[in-house]
Each structure stands twice: as C-alpha cells, then as structure tokens.
Amino acid sequence: MCGIVGYVGKKKAEPILINGLLRLEYRGYDSAGIATMEKDGIKTIKNKGRVAGLLDIPEISNLEGTMGIAHTRWATHGKPTDINSHPHMDNKKTTAVVHNGIIENYVELKKFLTDNGYEFLSQTDTEVIPNLINYYYEKESGKTENSFLSAMSKAVKDLKGSFAIEVLNQDFKDKMFVIRKDSPLVIGKGDSENYISSDIPAILSFTKDFYLLDDYEFAVLSKDNIDFYDLNLNKVSKSPKNITWDMSAAEKGNFDDFMLKEIYEQPKAIRETIGARVSKDSKIVLDELDFTKEYLESIDRIYIVACGTAMHAGLTVRKILEGFCKIPTEIDIASEFRYRDPLVTKNTLCIFISQSGETADTIAALKLARSKGAKTIAISNVIGSSITNEADYSLYTHAGPEIAVASTKAYTSQITLLAILGMYFAETLGVAKEEVDKLKEEILEIPGKIEDILKDTSKIKTFANRIYQEKNAFYIGRGIDSCVAMEGALKLKEISYIHSESYPAGELKHGSIALIENGVTVVGIMTDPDLTHKTISNLQEVITRGAKTFVVTNQDLENVTFDEVIRVGKVSPYLSPVLSVIPLQLLAYYISKEKGLDVDKPRNLAKSVTVE
Ligand code: F6R
C-alpha cells in the first residue's frame with residue numbers, strides 16, 4: 001500500500017531510489033515519483049504509471065543529488081494522475097514529502113490551511129502534510145534543525161490516521177527527516193550512507209543492518225549519522241538489528257515471476273517454520289509461549305482474526321482447537337471484528353495472523369482485543385512488524401520475504417504454524433496424545449510431499465490452457481476442504497480476473513447452482529475420507545448441468561470421471577490444506593500467464609493493506 005524509499009550518502013541518489021522503488025512496486029503501482037536535493041534546491045519528477053515510466057522523463061538524467069526520497073503509489077485519495085503522484089510540495093516549494101498511509105482528517109486540515117492562505121493542487125490527503133509543516137515552521141523563531149523538528153512534531157500531532165513520511169526541506173541540504181505511525185518504515189544503516197524503505201527486502205542489497213521505528217518516532221538521517229527522537233523531541237537510543245536473510249530471497253532467480261518462485265519455495269518455507277518446534281519423539285517446543293494447563297482450561301473462547309488469505313489460513317486450525325482441545329473457536333475477518341463489539345473477555349485468547357504484520361484492520365482488531373483485556377498472540381512473517389509490537393506474544397512464520405502480491409508460501413507457513421500451535425495446546429492440556437503424535441509425524445513429511453506435487457505440473461498447465469478464457473469458476477469442498485476452496489477461489493480471481501466463488505459443497509444447491517451451465521468450471525477439493533463421497537455427489541450434480549470439473553484429492557476415486565484429477569499426498573485432514581492448495585495456486589498462476597497478465601502485480605491490488 002504505497003512504497004517509500006530514501007537515500008542519503010556519497011553516491012548519486014536517483015539510481016538507488018529507482019532500484020528501491022522497483023523492488024517496492026508490489027506495494028502499489030499506480031504512479032511513482034522521486035525528489036532529490038540538488039545544488040539549486042529540491043527537484044521532483046513524478047508520473048502516472050509504473051516506476052519504469054520515470055526513466056522516460058528526460059529531466060531525470062539531470063538529477064545529480066546525493067540525497068532523495070521516492071514513492072510508488074496505490075491510490076486512495078485522488079485518481080492516479082501526474083499531479084496526485086508523490087512527492088508533494090508545500091506552496092513555497094521548500095518542503096517535499098512522500099507518504100504511505102491515510103490522513104483521515106485531511107478535509108479539516110485542508111480547510112484550516114486554505115483559511116490561512118494555502119492552495120492545493122492535488123486531490124490527495126498527503127498534500128496537507130508539507131503545507132502543515134511549512135505553516136508551523138514559519139512560526140518558529142529560527143531555521144534550525146530543532147525548529148524544523150518542532151514544526152514537524154506539531155504537524156504530526158495534528159494528523160489523524162496512519163503515516164510513514166519522508167521529508168526533505170530546502171534549509172537542510174544534507175538531512176532527511178522521517179516519522180511513522182501505523183505504517184511500516186525501516187532505516188538501513190550503511191557505510192557513509194543511510195537508507196529508508198517501507199520494507200527490508202527493497203534495500204537488502206545495500207545493507208543488512210536495520211533500525212525499526214516505533215510509532216511516533218522521528219529519525220534524522222545524514223550521510224554519517226542517524227538520530228532518533230520521540231514526539232517531544234527527546235533523543236531515543238536504538239541499536240540496529242542484523243538481518244540474516246539471504247539477498248537471493250528477494251530476487252526472482254531463474255523464475256519468471258516472484259509468485260512462481262514463492263510457490264516453489266514452499267517446502268523450504270515450511271521446513272523453516274517447523275524448525276526445531278516439532279520432532280517426532282518430544283513435545284512441541286514453542287518457547288515464545290508460557291501457557292499452562294490451568295490457563296488453557298480457563299479460556300472461554302479463541303478468536304482467530306485476520307484478513308484475506310491469512311483469514312483463510314486461520315480457518316484451518318479450528319478442527320484441532322475444537323476437535324482436540326474442546327475450546328470454542330471463532331474465525332473472524334478483522335474489518336468486521338473491530339466494529340461489532342465481539343464477546344471478548346479477560347478469559348478470551350485472540351490470535352491475529354498477518355504475513356506483513358502491517359494490515360490496518362488486523363492491527364486495529366488487536367488493539368480492540370487488548371483493550372478488552374484479552375490475551376493476544378500475533379502470527380507474522382515480518383520481524384518487528386506493528387502487529388508483533390502490539391501483541392502479548394509473537395510467533396513467526398519463517399517463510400522469507402513474500403514479494404508477489406498474491407500470497408502463497410505465507411499461507412502454507414501460517415497453516416503449518418497454526419497446526420503446531422494447536423498441537424502445543426493439546427499437549428499442554430494433555431489431550432489427544434495419539435492424534436498429536438500422528439500429526440507430528442505427518443507435519444515433518446509435508447515439505448517432501450509438496451516437492452512431489454511440484455515435480456510435474458503439466459496436467460495443471462494443460463487444464464489452465466483449456467479454461468483460461470472462461471468467465472466464471474466455482475470452488476467447492478466440505479469440512480477443511482471448504483477452507484481451501486475459499487483460498488483457491490481468491491487466488492484465481494485476484495491474479496486472473498476470472499469471477500470465482502467458493503462454497504461448502506453442500507451449499508451450492510441452495511441457490512448458486514442456478515449459475516452452473518455448459519462449460520463452467522467447478523473445482524472440487526476432496527481430502528477428508530469421511531466427506532469425499534458427499535462432495536463426489538455434489539460434483540455429479542454440476543456435471544449433469546454441463547460443468548467442467550477439476551479435482552484435487554488424496555482419496556481413491558473409483559467409478560467416477562472428472563475432467564482432470566490432481567493427486568496430492570495422503571495426510572490427515574488437519575494438515576491437508578497445505579498440500580491441496582498447491583495445485584490451486586498453480587492453476588491460478590498458469591491461467592494468469594495464459595491471459596498474459598502481470599502475475600506479481602495484479603490490477604487494483606497491493607501487498608500490505610495499511611489502510612481501512
Ligand atoms: C491474497 C492476499 C491478501 C492478504 C491480506 C492480509 O493473496 O495476500 O488477501 O492475505 O491482505 O495480509 P496480511 O497477511 O499481510 O495481513
């Protein structure tokens with residue numbers, strides 16, 4: 001949801017900023033822009049469209065400055081146009097700002113500034129920021145760094161909403177200013193150069209030492225120095241974290257797209273997520289938690305709260321938590337949970353899942369649960385992300401950076417970690433020992449079973465080629481397979497733009513079957529031996545109405561014919577989503593490729609939804 005990058009050092013800033021933007025483009029790609037500090041002042045270059053479009057603007061070659069800020073936009077306020085692109089400047093052209101997030105009270109601030117003689121060029125919420133800073137800066141007695149920080153602090157105190165902001169000001173030829181609240185921002189420490197970025201992978205090729213900013217913390221960066229302040233301008237001391245990610249994790253390597261690479265990385269991601277947490281003959285190790293049997297027995301219910309794919313992952317663990325542990329478990333969409341006064345008490349455990357750890361609704365839901373006294377666990381893939389800073393406990397998936405907008409390896413790693421969490425609860429409660437022991441064996445075999453699926457994907461590719469021009473598809477399954485159906489349908493619609501819906505298989509005939517006609521694709525997922533024959537009947541119902549069927553199963557299907565059957569390894573239904581989703585990810589991927597679409601950057605979407 002918008003990417004920002006900044007550089008101050010000895011080198012020309014422009015190529016470094018463009019490189020960073022290209023890596024951040026998955027966060028938004030409606031428009032892009034950069035501002036650098038030149039000898040004769042701040043110069044901005046921006047345009048509607050992709051980052052690469054900036055390179056076609058002749059003036060870009062005139063930028064020589066060694067300090068600059070840059071932005072790639074996912075439009076919220078105001079259409080993607082040249083004027084609405086960031087950076088935005090104040091009326092006096094002294095302050096340039098790029099911003100990720102939303103200023104919720106920008107209408108009032110715009111009115112206040114307009115009443116004070118300021119004019120606005122764009123429809124964005126962001127344009128109030130440089131003008132507000134300028135408004136306060138002009139009221140300060142001097143033009144010192146302290147007075148500028150004081151003006152920024154006053155401006156920021158007026159802002160409601162979320163923001164990660166980078167600022168250049170004409171009076172400070174070698175300093176950049178940044179502050180964040182509820183939007184991600186990291187600072188990379190180099191050798192006589194420093195970096196800013198919305199995420200770590202974008203600047204991982206330049207440094208491995210990162211500072212994480214807390215909400216309302218400022219940083220002032222120059223070539224050789226980084227100072228941190230709180231909102232009242234007291235100095236804050238921080239130490240950098242060394243990130244051990246390998247740079248290749250953020251590169252496409254031999255793959256055409258990040259999504260395909262990330263699909264193929266799933267065995268590794270799951271192995272890393274399992275790590276030392278599971279071994280056959282010992283208890284589950286989750287050192288991050290200190291839950292006792294008494295505590296788990298006191299829980300009145302568990303809420304699992306997340307958005308999109310992360311919510312789909314949450315659905316899969318209910319079977320363990322309710323079936324083994326007998327704890328009532330509800331899975332909720334964060335944007336609904338936060339506004340419906342959920343029944344959260346001091347005895348409720350709330351688990352929040354977010355790959356990025358920056359999803360606005362999930363963070364807000366977490367804050368709500370805490371305010372009601374619940375214990376909270378964050379499950380995230382990003383160390384130090386906002387959700388992990390807010391929660392009582394944090395558990396990390398170790399999927400490595402996920403760059404493609406459509407989530408794949410994060411989803412399967414989340415399911416893996418949730419299953420481990422469920423087993424930990426069962427062991428702590430002393431229940432379902434036999435089942436948990438079996439699950440331990442099975443979970444360790446999962447990466448190998450994914451590798452088996454990935455060995456030959458030709459049947460999936462051929463089916464994709466058959467149906468890529470279709471307009472509608474339905475995904476059905478029962479029990480845990482209905483959760484996977486939801487994820488399969490989401491993958492297809494988001495990257496191939498084919499309308500797809502998912503249903504628990506028994507539900508289709510209560511209305512939606514009216515949409516089945518000749519040629520419509522129905523995807524059936526069948527991994528639960530107790531429910532497979534039921535779903536087979538539902539598939540027969542659509543076949544007789546002309547549907548083409550694509551089946552993913554680990555069951556022996558006799559005397560039934562489908563258009564395509566993809567077999568995945570046998571595993572109990574508690575874990576089967578990790579395998580059955582793989583052919584669905586690939587089906588969506590190949591269809592998108594057949595249609596010639598940009599798989600990694602589907603239209604209208606962005607990774608990390610930091611706005612409501
Ligand atoms: C779909 C997808 C989204 C995210 C959702 C939550 O492929 O990636 O549905 O799962 O936006 O994002 P996180 O997990 O970062 O909170």
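Ligands are counted one by one from 1 in listed order, and the atoms in each one are counted from 1 as well. Not measured: the values here are computed from a predicted model.
Less than 4.0 angstrom separates some heavy atom of Val405 from each of these atoms of ligand 1: 7 (O), 8 (O). Less than 4.0 angstrom separates some heavy atom of Ser354 from each of these atoms of ligand 1: 13 (P), 14 (O), 15 (O), 16 (O). Residue-ligand proximity, Ala310 to ligand 1, at heavy-atom distances under 4.0 Å covers atoms 10 (O), 14 (O). Close approach of ligand 1 to Ala406 is summarised as follows: ligand atoms under 4.0 Å from at least one heavy atom of the residue are 7 (O). Less than 4.0 angstrom separates some heavy atom of Gly308 from each of these atoms of ligand 1: 9 (O). Close contacts of ligand 1 with Lys491, meaning ligand atoms under 4.0 Å from a residue heavy atom, involve 1 (C), 7 (O).
Nearest to atom 5 (C) of ligand 1 among the protein's heavy atoms is Cys307 O, 3.6 Å. The nearest heavy-atom contact from the protein to atom 11 (O) of ligand 1 is Val609 CG2, 4.0 Å. The protein heavy atom nearest to atom 14 (O) of ligand 1 is Gln355 N, 2.7 Å. Of all protein heavy atoms, the one lying nearest to atom 15 (O) of ligand 1 is Ser356 OG, 2.6 Å. The protein non-hydrogen atom at the shortest distance from atom 2 (C) of ligand 1 is Thr309 OG1, 3.7 Å.
Proximity of Asp598 to Arg50: side-chain heavy atoms (C-beta onward) are separated by under 4.5 Å at one or more points.
The pair Arg180-Asp215 meets the salt-bridge criterion, since a charged nitrogen lies less than 4.0 angstrom from a carboxylate oxygen. Remark: Arg466 does not engage Glu564 in a salt bridge, criterion side-chain N to carboxylate O under 4.0 Å. Using a 4.0 Å cut-off between charged nitrogen and carboxylate oxygen, Asp332 and Arg338 do not count as a salt-bridge pair. Between Lys449 and Glu442 there is no salt bridge, since no side-chain nitrogen of the basic residue lies less than 4.0 Å from a carboxylate oxygen of the acidic one. Using a 4.0 Å cut-off between charged nitrogen and carboxylate oxygen, Arg478 and Asp481 do not count as a salt-bridge pair. Taking a cutoff of 4.0 Å between a charged side-chain nitrogen and a carboxylate oxygen, Glu402 and Lys409 do not qualify as a salt bridge.
Not a single heavy atom of Asn381 lies less than 4.0 angstrom from ligand 1. Not close to ligand 1: His312, with no non-hydrogen atom less than 4.0 angstrom away.
Heavy atoms only, all atoms of each residue included: Pro583 and Ile566 are closest at CG-CG2, 3.7 Å. The minimum heavy-atom distance linking Asp125 with Ile102 is given by the pair OD2-CA, 3.3 Å.
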Test side chain to side chain donor-acceptor pair (under 3.5 Å) on Tyr589 and Thr408 and set out the steps.
CA-CA 11 Å; Tyr589 172 82; Thr408 53; over 6 Å; no

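Of the candidates Ile353, Ile495, Thr359, Ile363, the one placing a heavy atom closest to atom 13 (P) of ligand 1 is Thr359.
For Lys595 and Tyr468, the positive end is not near the middle of the six-membered ring at less than 6.0 Å and at most 45° from its axis.
Within the 4.0 Å heavy-atom criterion, neither part of Glu358 lies near ligand 1. With a 4.0 Å heavy-atom cut-off, ligand 1 is reached by the side chain of Glu494 but not by its N, CA, C or O.
At under 3.5 Å, a nitrogen or oxygen of Ser407, whether backbone or side chain, sits near a nitrogen or oxygen of ligand 1.
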